[in-house]
Structures are given as structure tokens and as C-alpha cells.
Amino acid sequence: MNSYNAALAVDIAGIKMKTPVMAASGTFGFGVEYAGLLDLNQIGAVVVKGMTLKPRDGNTGRRIAETPAGMLNAIGLENPGVDRFLKEIFPQLSQYQVPVIVNIAGGTIEEYGELARQLANSGIAGLEINISCPNVKQGGMVFGTDPNSAAAVVGEVKKYAAVPVIAKLSPNVTDIVAMARAVESAGADAISLINTLLGMAIDVHSWRPVLGNIVGGLSGPAVRPIAVRMVWQVAKAVKVPVIGMGGIMTAEDAVEFLLAGASAVAVGTANFINPHAATQIAEGIADYLRQRGLCHVSQLVGQVRI
Amino acid sequence: MNSYNAALAVDIAGIKMKTPVMAASGTFGFGVEYAGLLDLNQIGAVVVKGMTLKPRDGNTGRRIAETPAGMLNAIGLENPGVDRFLKEIFPQLSQYQVPVIVNIAGGTIEEYGELARQLANSGIAGLEINISCPNVKQGGMVFGTDPNSAAAVVGEVKKYAAVPVIAKLSPNVTDIVAMARAVESAGADAISLINTLLGMAIDVHSWRPVLGNIVGGLSGPAVRPIAVRMVWQVAKAVKVPVIGMGGIMTAEDAVEFLLAGASAVAVGTANFINPHAATQIAEGIADYLRQRGLCHVSQLVGQVRI
Amino acid sequence: MSKQMEQAGVVSHLWLASTIKMLTLRAPVIAQCAEPGQFIHMRVADSYHPLLRRPFSIADADPQAGTISIIYRIVGAGTELLAKVKDGDQVNCLGPLGKAFELNCHKPLLVGGGMGLAPLLFLARRLCPRPVQVISGGRTAAEMVWPALFQPLCENVAITTDDGSVGRRGVTTDLLPKLLTDGQFDRIYACGPRPMLIGVAEITKKFKISCQVSLEEHMACGIGACLACTCSGTDGLRRKICSDGPVFWAEEVLP
Amino acid sequence: MSKQMEQAGVVSHLWLASTIKMLTLRAPVIAQCAEPGQFIHMRVADSYHPLLRRPFSIADADPQAGTISIIYRIVGAGTELLAKVKDGDQVNCLGPLGKAFELNCHKPLLVGGGMGLAPLLFLARRLCPRPVQVISGGRTAAEMVWPALFQPLCENVAITTDDGSVGRRGVTTDLLPKLLTDGQFDRIYACGPRPMLIGVAEITKKFKISCQVSLEEHMACGIGACLACTCSGTDGLRRKICSDGPVFWAEEVLP
Ligand SMILES: Cc1cc2nc3c(=O)[nH]c(=O)nc-3n(C[C@H](O)[C@H](O)[C@H](O)COP(=O)(O)OP(=O)(O)OC[C@H]3O[C@@H](n4cnc5c(N)ncnc54)[C@H](O)[C@@H]3O)c2cc1C
Ligand SMILES: Cc1cc2nc3c(=O)[nH]c(=O)nc-3n(C[C@H](O)[C@H](O)[C@H](O)COP(=O)(O)OP(=O)(O)OC[C@H]3O[C@@H](n4cnc5c(N)ncnc54)[C@H](O)[C@@H]3O)c2cc1C
Ligand SMILES: Cc1cc2nc3c(=O)[nH]c(=O)nc-3n(C[C@H](O)[C@H](O)[C@H](O)COP(=O)(O)O)c2cc1C
Ligand SMILES: Cc1cc2nc3c(=O)[nH]c(=O)nc-3n(C[C@H](O)[C@H](O)[C@H](O)COP(=O)(O)O)c2cc1C
Ligand code: FES
Ligand code: FES
């Protein structure tokens, strides 16, 4: 397990990771759920579920649906709130050496700032700003589809944040590069993409939407070509590191994102299918490097030959 | 075969179709290619490959790639040009009773108008304005991602068109409803959606983009949830009929679009996998109606129970 | 030893009814620590079609033989694929998952509707040699595969069907009041459709008998990470059905 | 009778080399009208994974027996799935597709590289009893399954391999000039990698011998509808490889 460390270790905007393979927000709980199944210390970073100031129950009704090579989710940011996170959950997670990144979601710009303030000296490794959740009425994706609003949120968070700030972009936009440039100018230390694509499924037996929330976010292999395209476009346009995700199931999928310009990747839906996905993908990247005589993963980043 | 006619016949903005299942542009050639395999007269309408004023060779290099439950294409609007279409191809196709809709693509607003003018009295049943092709540098999707440009194109085409005009929308936008409203206000008689989503694939062996054109359009079952969501949003917002497409493989998939609000559907990628898709899906819809004691397909349109 | 991912070989795969099969797998690690009420989360295909795992209650486990069994109904694409699995094939299982039934009782009554009887079968085995009674509810005789499975483990198997084609016409809860009046039961275990569970919980509350229920919800991760399956407890706190449950005390989650 | 969609039963499925298999299918309608150079477009899975059909040259067809054969190399996900197909399974085939070789010659020479030899095998059979000679090129001895297949149909089988492990070390075009000088051939048929085809076309042009080549491209529809597979002819007009080809006169499509 440790043999690949040298080749895989990366530093994303100051967050030091043993491997470039992170666990994506909302798909890895608070990390501890997976502790019995894999060695959390062998994961690049754990991005915890979207956190709000107050506890949230999330959406009612059915929350997930399968689609061809993908899934829809409409969890609706269920979470225990930042207080309980800091008091009850983070102490468990901080026993591991893995960097913990907290994904934050506010209903107003001020709430994002307040979340950053409350998390400032907690010992977390980074903040990921979720301006891209398609499953909540207020905030969420609204901030993620307008460059000015996105920049305002990032600016506010940067005022209070003591750790690197990652802006997570929504793919539900006409111009992903404009969004990336806006958050970079506002001070984002890194950019992650993509969040889920807004989708819908209807049950042809009951004539009802499959999801209680009517619409939900599409993730999984189905969206990978869209994600790779957006990572490629954004990585060319910004200077900050890009964290790529969207449908990564295998080491080859991860390499595709690295070649497109991602400095690290995150694994989401794959965790549900294979709980060892994040560590196995890291091992697979190490093998890939070894087979090609490469000594570090950075030798892949952005190397697509156009 | 004829038993389902009464239940399935639809009139989309004046185009009379035997079934609500059309063949999508670019996936059914000029119809005649499929003539040996199925009865063209049993298809709702044939939408022919995107047509330009001058012949086009399309993109060089590899033009298609498979992705999970989907495919990328970067044909680049290869076509013989409107002259040869009218002289050599349309006469073959017009021997059938199936309505022929011509998908038109211009590099400028004037070119769209000129295409409409040249096709005005040719005997075609309708025009579909392709403002959404992701695979050409000029025109194409540029018009499809800005409401004002889209409206301008539709307005120009309406000046010359003697047949119903369908505006085909791109899904690569932040606000599909704004696009739909813009083309409706400009006079579109119907709206079709979705065209393909811009995607990319990289070969991890050669480090090169799989497609010669680098990026391409994603279609197939993978995109269906996105398409259903957009059809649902648009159908609620406009008065003109909506033609739904994106990943329809089975009659149940088609019913999902009808319930979401589409008055007709189009089958694209499915034609490649099953050349009988369009007719079999129509038969499947007829069965679906029969099993539920419904006497006409319109009883499904927009009936999703929210 | 707790939850594991295990590549399990098919030992046998039998039809019990026209849409119901029993699958027995060699999964020594899961078999070793499985307790009644727990489930396994299974991949039914190696492709992305379907993408997600499928949860099935453990209907039996034999630690000596290293085998576990599930009993399932074919209801959609995933179970249709699963039904094609053959002797010698391998299936990827995650388990045992979830919280098990509490076995601290003397005279239990098991109430199961439809496929909800699967976890109760394993429970009945582990409750032996205590006297076990079961009410087996279902739609119609053709699906009533359960009495034969429960008979060797139980004192008494009462049957209800919706259409009266076997046993009493009606639902399981129709039988409950009389049984509870006469039977001196000190624990009810229930698994089945939600309306049934609500009915059972109401009646047992009236009779002041402790009751455990097993809930179902659509699941993605199966281990408490994705929050697809949560519900609100009666205390207002959230519960994850996959990891805080599927077994709960009735009053914890039902009105 | 032209192209059809036919559900074809597997008659036999044999390994010819470690990554090469021959699949024989009962497909009476396709077998009836197949001509050498044509191909079938095949579904290798019922799921969406992979989504598209796969094209394979018809390597043999027996109208009496109602069977066709393909010979294929396992190179990716689709051919890996295909390799698992068993006797009695059904595969969905579209065919016969494309334009066939013209058989109007007296003394043909067949030049094939790698899997390009598959359509030439069917061609050799249909050219009989004319005297047929073939140059069979490949990478290495282990993949050289072709001589044994061509032997019963041909006067002479010349062999080249990249590594010299069997036959002459080199490529098929190395042998061409001498053969064309001595052999009085009146037609060359070539199928294989593009650089080989260009080489063959150059040499045959010099020798003024008519030459047909079979091209390959990634295909979606296989019937001329999607334009995935087009190329420019030497006259500047576009050609669809799937329906105007895959067989072309060399000067039509090659420099
Ligand atoms: C903890 C748990 C234990 C289970 N144990 C068993 C068991 O022992 N035997 C058995 O036959 N089934 C059991 N199920 C249900 C089983 O998981 C589903 O029937 C199966 O996943 C359906 O897969 P599919 O692809 O065939 O159907 P799909 O095509 O996915 O769905 C078919 C129908 O089943 C419904 N369905 C699917 N999954 C669930 C679910 N998780 N909860 C409720 N409804 C669902 C769908 O809404 C749909 O109406 C259990 C479910 C859970 C959550
Ligand atoms: C008209 C025609 C006839 C053919 N006949 C034969 C035959 O008789 N025997 C045989 O072994 N193969 C033949 N092929 C090639 C065969 O279709 C591919 O090998 C097959 O589709 C690969 O599928 P896959 O999913 O295993 O590989 P993929 O994972 O799709 O691809 C694996 C590799 O093969 C390449 N490839 C895939 N399809 C094609 C193609 N159409 N043209 C060129 N390269 C391709 C890919 O670029 C990639 O490098 C033929 C192709 C065409 C177009
Ligand atoms: C069930 C589920 C819950 C998610 N919750 C969040 C969340 O709380 N915050 C967030 O930023 N992204 C969330 N996401 C998005 C993922 O982090 C990721 O961006 C997306 O799923 C694409 O990656 P994938 O295809 O690998 O899953 C969620 C995704 C899923 C499937
Ligand atoms: C190979 C290919 C070529 C296409 N060419 C065109 C085109 O010329 N004009 C157009 O408007 N849409 C074109 N499309 C888009 C389809 O008409 C359709 O909108 C899209 O593929 C979604 O439907 P599907 O998922 O059923 O394929 C093309 C799609 C494919 C796959
Ligand atoms: S299924 Fe993921 S939390 Fe329960
Ligand atoms: S493969 Fe579609 S035109 Fe040739």
C-alpha cells in the first residue's frame, strides 16, 4: 500500500494528500461509515456531506433512482448541522490522518461566510463551497449558475476561511469557463467539478416522478464525457488546480481526468458500487505510472495531446 | 400494423403524423437508407440530416466513440448541400407517404433564411432549425445558447418558410426555459429537444482525444434523465407542441417523455442499435394505451402527476 | 468481524414459486457473523446496467458450512438478472449490514407480509429452541412458499392471503388481536409492507407487548454514507434505515 | 433479398489462437445472399454496455446449411463479451451489409494483413475453382491461423510476419513486386491496415493491375445513415465505407 506514496502524493492548494484520489461529498458520509471497509488513511482526502448552519432533514419521498449507467439523487442536503458536526462527528474523523474537507452550503451569502467562520479553527484541511447542489430550493445551484453570485459567495468565504477554499461548480451552465474564471478571480484556491446534472425520471406505471423531489442530480458513468469536457475546458482557462469528478469508476477513468487537466480526482457514485473504489483507483493509477515508466502523477496532468 | 393508427395519429403544428414517433435528425440519414429494413410509411416523420447551403465534408478523424450507455459523435454536419438534396435525394424520399422534415443549419442568420427560402416550395412537411449542433465551429450551437440569437434565427426562417417551423434546442444551457420562450415568441411552431450534450473522451493509451474534433455530442440512454427534465420544464412553459428526444430506446422511455409533456417523440441513437426502433416503439405505445384502456396518445401528454 | 466485501460462489439457486427464488451462497465471513435482521448488498451484474447494488435480507446463514441464503421475488431488471445466476458463478456481496433483531424474549410471535418473511425465517432459526409462532401473510396461494419453510422451525404457522386462496382471507393484522389475547407473547417481530407494520405497531402498543419492525427503503450505499434511506424517528431525530436499522423498536419509528 | 435483421443461433464458437475466435451462426437469410466483402453488424450484449453494434466481415457463408462465420480478434470490451457467447445462444445480426468484391477476374491474388484476411477467406471460396493465391501477413507465428484456413482453397499461400517467426520476415508488400512480375495476375484484392492498402495500391498501379481494397472505420449504423464512417474519394466526392464500401476500387479512395 505504501509503495505508491511517492508517485501519488499531491499538494492541492496547500492540502497535502497521499494520493490524488479523494472521496466526493455526499457519497462517503463522514468517512467513518467506510472505516470498517477500507483504510481511510490511504485516501487522498475525505470531502464530507454538504453542511449547513442548522440541521436539515432533507427531501421527503424517494431519494434515489437508477438510470442507464447513472443515478439520480435528491437527498436535499440532509445533515446534522455544523454544531453537531464539530462536536460529535469531527472528533471521530480527526483520529485518522486523512485530510478532511468540509463541503458547505448556505441559503444566503452570509450563511456561507458564517459557516466558514465557525469551521475556521476546527482542524479541517479545507473548505469546499457547494454552489451547485441541484436539490435545494434556496441557494444551492442558484449561486452556481451565475458568475457574479458565485464570485460573491467565494469572496465572503475567503474572508473567514483559515484553510484552502475549493469552489465546486455546477455543470448546469452554458459557460463553465466563465464560472471558473469568476470563482478564481474571487480568490478560490482550487476548483472542483462537476456536481450533478439536473435530471428527472417518471414512473410509467404510476405516472408520478420517481423522486419525491420531482427532479434530482444525475451522477455516475453516464455523465463522464460531460465532466471530462468541462475539466478540460476549465483547466486550460485557470491557474488554480482543478479537482475532476463525474462518473469515475476505474483507474483508467481517473487517468482520463488527469490527462484532461485535473490535478486530483474525486470518486462519488463508485463508492456505492465498490466501497474500495478510492483506494483501488489510486493503486491502479500507480500501476499505470509504473507501466509507463513515469515517476509521478503530475506527469499526466493536462497532458492530453491535442 | 394499421390497427394502431387511430390511437397514435398526431398533428404537430400542422404536420400530420401516423404515429408520434419520429426519426431524429442525423440518425436516420435521408430515410431511404432504412427503407429496406422497415416500412417508412409507418414512421411519424423523418427528420433528415442537418442541411447546409453548400455541401460539407464534415470533421476529419474519428467521428464516434462509445461511452457508458451513450455515444459521442462529431460528424460535423457532413451533407450534400441543399441543391443536391432537392435534386437527387428528396425525389426518392417523397415517393413515401411519410412527412419529411428538413433539419437546417446555417453559419449566419441570413444563411438560415436562405435555406428556408430554397426549401419553401419543395414539398417538405416542415423545417427543423438546428441551432444546437455542437460539432461545427461557426453557427450551430452559438445560436442555441443565447436566447436573442436563437430568436433572431427563428424570426428569419419564419419570413421564408411555407411549412411549420420547429426550433431544436441545445441542452448545453443554464436556462432551457428562457431559450424555449425566446423561440416561441419569435414564432416557432413547435420546439424539439434535446440535441446532444457537449462531451469529450480521451484515449488513455495514446493520450489523444478519441474524436478527431476533440469534443463531440453525447446522446443515448445516458442523457435521458436530462432530456426528460428539460422537456418537462419547457412543456410547462410554452404553448407550442414539444417534440421530446434524448436516449429513447423503448416504448416505456417514449411514454416517459409523453407524460413529461412531449406531444411527439423522436428516436435517435436507438436506430443504430435496432433499425426497427421507431416502428417498434410506436407499436409499444399502442400496446401501452390498450392495456390502460386509453384511446389516444394525447391522453398521456403532460399527464405526469406532480 | 464486521461488514465485509466478499466474492461469493453460488451453491444452489432454486425456484420456490413462479417469481420467487432462493439463492444460497458460499460466503464464509458473512455467514460467520450474520445475525437475523441483517442484510447483504449485492451486485447483480458486472456492467453498469444496473449500476447499483441490491439489498436482500439474510434468510438463513450456516456458520459451519460457511453459507448464506436469500429468498427474493423477481420484480425488476436487477432481480431478473440475478435470477439467471448459475451454480459456480460468483456474486459480489457486501455484508452483513444493518442492525439485527434483539433476541431477548421467551415467547415470540413473528408477523411477516410477502417477502418480509425472508428475514423472519433466519430469525425463527436463531430463536429455536424457544417456541416460535408465525403469521405468514401474502397475496395468494401461489406465492405462499413460506409455511413449508417455517414449519420445521415453528410451533404454529398461521396463514392469511388477500384472496383467501389459502389460510384465512384477509391480512396478518386481522389475526393479531386474538393471538395476543390468548398467547402470552412477550415479543412481536414484524417485517412487511409499511401499512402492515403500522397496523402491527398499533395493536402491540395496545397490548403493551414490545415490538421490533424491519423497514425498507431504496438504498444506494447500504452502509450509512449516502442518506438515500433515512427517516425521522418519533423523537424527531433522523435514522438511517440501512445502518441504524433496518430493525427498529416500533415506537422508535412508527406512530 | 437484401439486408435483414436476423436473430442468429450459435452453431459453433472455436478458438483459433489465444485471442482469435471463429463464430459460426445459423442465419439462413443472411447466408442466402451474402457475398464476399460484405459484413454483418452484430449486437454483442442485450444491455447498453456496450451500446453499439460491432461490424465483422463475413468469413464464410454456406447457403445450403444456412450458416455464416466470422473470425475475430478480441481487442476490447465488445469482442470480450462476444467471446463468451455459447452454443445455443442467440446473437442479433444485421446483414449482409456493404458492397461485395467484384469477382470478374481469371487469376486473382489476395493480399491480407491481420484480421483483414477474414473477408478474403470467403472471397477465396467463391473464387474457386479459379486458381487463387494469397499473401497472408501478420505480426507473429502465434497469430498465423490463416494458412491452414486458406490451404484447401488456394494454389499457394505466401506468409510474412513482422518478426519472421513464420514465413518471410517483413510485410506483405515486400512480396508483391516479384509475384506481380512473374504471376500474370489480373486482379488484386487487399484487406488490412491502411498503410498496407496504400502500399498495395501503389504497387498495383505501377503494374497496371486492377485492385480492390476493403476499408475499415468506426461505425455506428452500418447502413449509410449516420455518416460516422465516410471518407473522401479521389474524385473529391464523399463515400460511406459501410454502404458505398467497404470494398472500393483502389483508385477510387487511395492516393
Ligand atoms: C433492507 C432490505 C432488505 C430486502 N430484502 C429483500 C428480500 O429478502 N427479498 C426480496 O425479494 N426483496 C428484498 N428487498 C427488496 C429488494 O431489494 C428489491 O426488490 C430489489 O432491489 C429490486 O431490484 P430490481 O432491480 O429487480 O427492481 P427495480 O427495477 O429496481 O424496482 C422494481 C420495483 O421494486 C421497488 N423497489 C426496489 N428496491 C426497493 C427497496 N429497496 N425498497 C422498496 N422497494 C423497492 C421499486 O420501487 C419498483 O417498484 C429488500 C430491500 C431492503 C431495503
Ligand atoms: C467493415 C468492418 C469489418 C470488420 N471485420 C472484422 C473481422 O472480420 N474480424 C475482426 O476481428 N475485426 C473486424 N473488424 C473490426 C471490429 O469491428 C472491431 O475490432 C470491434 O468492433 C472491436 O470491438 P471491441 O468492443 O472489442 O473494441 P473497442 O473497445 O471498441 O476498441 C478496441 C480497439 O479496436 C479499435 N476499433 C474498434 N472498432 C474499429 C473499427 N470499426 N475499425 C477500426 N478499428 C476499430 C478501437 O479504435 C480500439 O483501438 C471490422 C471492422 C469493420 C468496420
Ligand atoms: C447521493 C449523492 C449525494 C451528494 N451530495 C453532495 C453534497 O452534499 N455536496 C456536493 O457538493 N456534492 C454532492 N454530490 C455530488 C458528488 O459529490 C459528485 O460531484 C457527483 O456525484 C459526480 O461524481 P460521481 O459521478 O463520481 O458521483 C452528491 C452525489 C450523490 C450521488
Ligand atoms: C450521429 C448523430 C448525428 C446527429 N446529427 C444531427 C444533425 O445533423 N442535426 C441535429 O439537429 N441533430 C443531430 N443529432 C442529434 C439527434 O437528432 C438527437 O437530438 C440526439 O442524438 C438525442 O437523441 P438520442 O439520444 O435518441 O440520439 C445527431 C445525433 C447523432 C447521434
Ligand atoms: S443507503 Fe446510503 S445511507 Fe442508507
Ligand atoms: S456507419 Fe453509419 S454511415 Fe457508415
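All heavy atoms count here, side chains included; hydrogens, waters and symmetry mates do not. Fair warning: this is a prediction, and the values are worked out from it, not measured in the lab. Residue numbers begin at 1 in each chain, while the letters A, B, ... track the order of the sequences.
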Exercise. Under 4.5 Å, heavy atom to heavy atom: which of residues 218-235 of chain D reach chain B? Give them by number, or say none.
Key: H218(D), M219(D), A220(D), C221(D), I223(D), G224(D), A225(D), C226(D), L227(D), A228(D), T230(D), S232(D)
Quiz prompt | More than 12 heavy atoms from other groups under 6.0 Å of CG on D87(D) | solution = yes
Quiz item: Who in residues 266-276 of chain B is close to chain D, using a strict under-4.5 Å heavy-atom cut-off?
Solution: T269(B), F272(B), I273(B), N274(B), P275(B), H276(B)
Which atom pairs, donor and acceptor, lie under 3.5 Å between side-chain atoms of residues 197-206 of chain B and protein residues at least two apart or in another chain?
from, atom 1, to, atom 2, distance (Å)
D203(B), OD1, H205(B), N, 2.7
D203(B), OD1, S206(B), N, 3.3
S206(B), OG, R208(B), N, 3.3

Quiz item: Could K240(D) and E78(B) be called an ion pair, given the rule that one side-chain N must be under 4.0 Å from one carboxylate O?
Solution: no
Practice problem: State the CG-NZ distance between L37(B) and K3(D), to the nearest 0.5 angstrom. | Solution: 5.5 Å
Self-check item: Contact summary for M71(B) and L51(D), nearest pair of heavy atoms
Solution: N-CD2, 4.3 Å
Exercise. Could you check which of T27(B), N79(B), T60(B), D57(B) has the highest count of heavy-atom pairs closer than 4.5 Å to chain D?
Key: D57(B)
Exercise. Assess whether atom CZ of R125(D) is packed by more than 12 heavy atoms of other residues, nucleotides or ligands within 6.0 Å.
Key: no
Quiz item: For chain B, which residues from residues 52-84 of chain D lie under 4.5 Å away (heavy-atom distances)?
Solution: L52(D), R53(D), R54(D)
Quiz prompt | Heavy atoms from other residues, nucleotides or ligands near NZ of K99(D) exceed 12 (cutoff 6.0 Å) | solution = yes
